[in-house]
Amino acid sequence: MASYKMHLLVCGGTGCKSSDSMLIVDKLNEELKSHNLVDEAKVVMTGCFGFCEQGPIIKVIPDNTFYTKVKPEDAKEIIEEHVIKGRSVKRLLYVDPKEHARVSDSKHMGFYKKQIRIALRNCGFLDPENIEESIAREAYGALGKVLSEYTPQQTIDKIKKSGLRGRGGGGFPTGLKWELAAKSVAEQKYVICNADEGDPGAFMDRSVLEGDPHSVLEAMAICGYSIGASKGLIYIRAEYPLAIKRLKIAIAQAMEYGLLGKDIMGTGFDFEIELRYGAGAFVCGEETALIHSMEGERGEPTFKPPFPAVSGYLKKPSNVNNVETFACVPVIILKGEEWFSSIGTEKSKGTKVFALAGKINNVGLIEVPMGITLREIIYEIGGGIKNGKKFKAVQTGGPSGGCLTEKHLETPIDYDNLIAAGSMMGSGGMIVMDEDDCMVQIAKFFLEFTVEESCGKCSPCRIGNKRLHEILTKITEGKGTMEDLELLKSLSNVIKDTALCGLGQTSPNPVLSTLNNFWDEYLEHVVEGKCRAGQCTALKKYIIDPEKCIGCTACARACPVNAIEGDKKMPHEIKQELCIKCGSCYEKCKFNAISIK
Amino acid sequence: MEKIKNLADLRKMKDNLQNKIDLREKSDSPEAIVQIKVGMATSGIASGAKEVMNYMIEELDKRNIKGLVLQVGDMGYCYAEPTIEVTRPGESPVVFGYVDIAKANEIIEKYIKNGELLDGILPANYESIK
């Protein structure tokens, strides 16, 4: 086997792949071939590096040079300059948004400095379609250790002591969940992996499955051994084709190597894993709805108890965990529960993956220790707000969460602090908003999502959320009243208390949280008829400054409803009662005489 | 493909496959191991830097020394090529000039293993900005 002096890691996550990263792999290989370097440098397709904003990404090993926004035509230069002459291609290096300087390697990038990667440890490091690379990185070592050295109860105790909590949103202690399923007596039990990632903007589960499928498979087998199950099912949405493809490859390879299947590693333990596809309904991320969907029933939640640990898939005891939760398990076994629980805060151990999105410089996937502050995430890892605008809020927990504001910037982020701040961890979506975002519109956006995704089974969620959405629409159109604000509050609380499942109960959170944190903005909409962010079209007011207007008539001619009056060469005026706020006059004026109030 | 029969099998397999990703593992924490930069500009290559680099990579591996050999551009010592810069963990880099295979062997045995200084060290005439 050739001993390569250099590895060129090319991101093969969905983001970079859609920007032609596979073509880059081909081009790099061609260039290596034509320069007779195939035994010296090796091109490896890996999972996601997390820095999706700057993709496609190539990381050169051993010097950790980090190339961003690489195009297929750059392959030649990378090989000829970097691989042959040892000089990095400066123009492809990452530019620090604050210092405006090019950063030579990933070790000096603010984006990576504060991260601790546990669930994402192999993403951007291994070729996910090659089990041998995973084995070299100790894949299935934890499973082997558990099967030959620990009893099921000892394994459960280790997970319990590690303090690992569910990463899908609820934050239920994972070890306890396993113990409940282990205590149920039945001939057949199931391990279910919830890969129905549905929060807008969240893509951590997809990235783990695409970048490191073996960790999840291994953890499911460990769970199966602990609770006494020989079957595992992964419920994954059909719109994740790449994750599905890589899971299928990984399962086939693990079966071939005897790391899944019958009599795993000669211990007598059998474990098989199958895939189940979801059609992408948000509610199917709720575990009872997910189970019904897998059974071929309508994807609707049912009341708990009975919990899945007692009666789940096909009425058999089932343990449902999220992808990211599973991805942490093998590391806990290998590195020890004390190591894991030494990271994080008192009640939230380990790390959490967040998908940073919105008005932030470094959009991407990050994994940080619990207890990190919002300020560190936004300003150090995220590189601050785009275009130097002012930070306003960040929505965590997706449509079930709430927003955190300036006053929460120093709060250490963990499950309990987020709930105390009126939001929640959720699956880890973080949508950053700046001064140009209207908070009423944000609440409306999330309600729109909930209304669309409500399964319709219980009336608080089906009808209540629809009414909430109508009231919010009314406010953004400038027709809201003080009674509406009161109604928003009381209706939200009723839905929270009476909806059937977790999704319904949390759906009014974006409304409650914006009401709490941005009450003055709601008041402005209702009382003053003003939207400070200028996002509510109906509340915009176009005004002509008579000092600046020279009476060129360009605006009057552009106005589709003849709302602008004025004589030639005399200042014009907009008749507010006729104006439809289309903005045509604003665009036409060459003298900056029209302003938006 | 023969199935993996027990944990010992798996561990053996892991060790055998280790070299596939070793380079990446080491690059993950370069400051913890000895780093050797080989000047590989035209003048370096012409004087035999490539042979020295290959020798370094192979010998470190054979002698079980955890080290990272990096290829870099011209270091500016064209009169003393091949030039290599060795950084032991936590120490300042030291530059050696006129490195041939015999010299490389001496550097590994004396400086890299024991930190013993030897002839052929070039005075550092620059400071790198971080």
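Computed from a predicted structure; not experimentally measured. Chain letters run A, B, ... following the sequence lines, proteins first, then strands; residues in each count from 1.
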Counting only non-hydrogen atoms closer than 4.5 Å, does [X] touch chain A with its backbone (N, CA, C, O), its side chain (CB onward), both, or neither?
X	value
B/Lys37	neither
B/Val38	neither
B/Asp9	neither
B/Ile4	both

Are the side chains of [X] and [Y] in touch, meaning some heavy atoms are under 4.5 Å apart?
X	Y	answer
B/Lys3	A/Asp263	no
A/Met265	A/Leu259	yes
A/His108	A/Asp105	yes
A/Tyr257	A/Tyr140	no
A/Phe66	A/Leu93	no

Would you mind checking which part of [X] comes under 4.5 Å of any heavy atom in chain B, side chain (CB onward), backbone (N, CA, C, O), both or neither?
X	result
A/Ile84	backbone
A/Val44	side chain
A/Asn64	side chain
A/Met255	backbone
A/Ile135	both
A/Glu138	both

